[in-house]
Novice: 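Please see the structure below; I have some questions.
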Amino acid sequence: MFGLSELAIILIVVAAVLAIKKLPELTRSAGKSARILKSEARAARDADEPGTPRVIQGETVRREDPGTGTGTGTGTQDTPRG
């Protein structure tokens, strides 16, 4: 029969075979995590320096534009653009 060491080797081989399928996804996830950690560390370091303006990228929405969800509440629907 099998001993404990043979059983452990078989389990390790099976785990390695199953892990190979997930390896690209795991490395991609680790790369994203490393980039996020690096950018957060840079942001924290830059926040410590006084007088440096912070730029937050985003979208500017004017309140008078229709379809932004900030209307006057008249209950009218927007006409489709096209």
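Each residue takes its place number in the sequence, starting with 1. These numbers come from the heavy atoms of this one structure, side chains and all, not from hydrogens, waters or symmetry mates.
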Novice: Counting N and O atoms only, with roles assigned by atom type, does the side chain of Glu40 sit under 3.5 Å from a partner on the main chain of Leu37, one being a donor and the other an acceptor?
Specialist: no
Novice: Which residues satisfy the side-chain contact (heavy atoms from CB on, under 4.5 Å) test with Lys22, sequence neighbours excluded?
Specialist: Glu25, Leu26
Novice: Measure the spacing between CG of Leu18 and CG of Leu23 and express it to the nearest 0.5 Å.
Specialist: 13.0 Å
